[in-house]
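Taking it in order: structure first as structure tokens, then the write-up.
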Amino acid sequence: MSKTLNTLLASRHWIAHIDDERDDGNSIIVTLEKGWDYEDEKGCGVRGFDTVAEVKAGTSRHKVVQRIIHIKMGRAI
């Protein structure tokens, strides 16, 4: 994984995992931490990006939202 991707993973606490699959002809797959979604697609916490620049832009703080999870009787609602 590139230095930039490692830096993003370390500095953006809402990113859980980055899987760089470009050597296999795929995308850079970014998984957000539980409770976080991409701003333009509520309920979605996994997205593929074609470039490191897209990962940087697409995972910035204004491109992700933290879901509020309510607990009732021990269950998330």
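Values below: all heavy atoms of this structure, side chains included; hydrogens, waters and symmetry mates excluded.
Going from atom CD of E39 over to atom SG of C44 covers 12.0 Å, rounded to the nearest 0.5 Å. Separating the CZ atom in R22 from the OG atom in S2 is a distance of 6.0 Å, to the nearest 0.5 Å. Summarising the geometry, atom CD1 belonging to I18 is positioned 9.5 Å from atom CZ belonging to F49; distances are rounded to the nearest 0.5 Å. Distance check: T51 OG1 to I28 CD1 gives 6.5 Å after rounding to the nearest 0.5 Å. Rounded to the nearest 0.5 angstrom, R67 CZ and D37 CG are separated by 4.5 Å. With rounding to the nearest 0.5 Å, the separation of NZ in K56 from NZ in K63 is 15.0 Å.
Remark: the backbone N or O of T59 is paired with a side-chain donor or acceptor of W14 at under 3.5 angstrom.
V64 has its side chain within reach of L32: a pair of non-hydrogen atoms, C-beta onward, lies under 4.5 Å apart. Side-chain atoms of I29 and E21, non-hydrogen and from C-beta on, do get closer than 4.5 Å to each other.
For N6, the side chain to side chain contact (heavy atoms under 4.5 Å, CB included) test picks out M1, with sequence neighbours left out. Among residues two or more places apart in sequence or in another chain, the salt bridge (Lys or Arg N to Asp or Glu O under 4.0 Å) test is passed with R12 by none.
Transitive grouping of hydrophobic side chains (ILVMFWY, heavy atoms separated by less than 4.5 Å) brings Y38 and L8 into a common cluster.
Other residues, nucleotides and ligands contribute more than 12 heavy atoms inside 6.0 Å of the NZ atom of K42.
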Given side-chain contact (heavy atoms from CB on, under 4.5 Å), test V52 with L5 step by step and report yes or no.
CA-CA 7 Å; V52 173; L5 291 176; 4.1 Å; yes
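Scanning both residues, S60 and A57, for their nearest heavy atoms gives OG-O, 3.2 Å.
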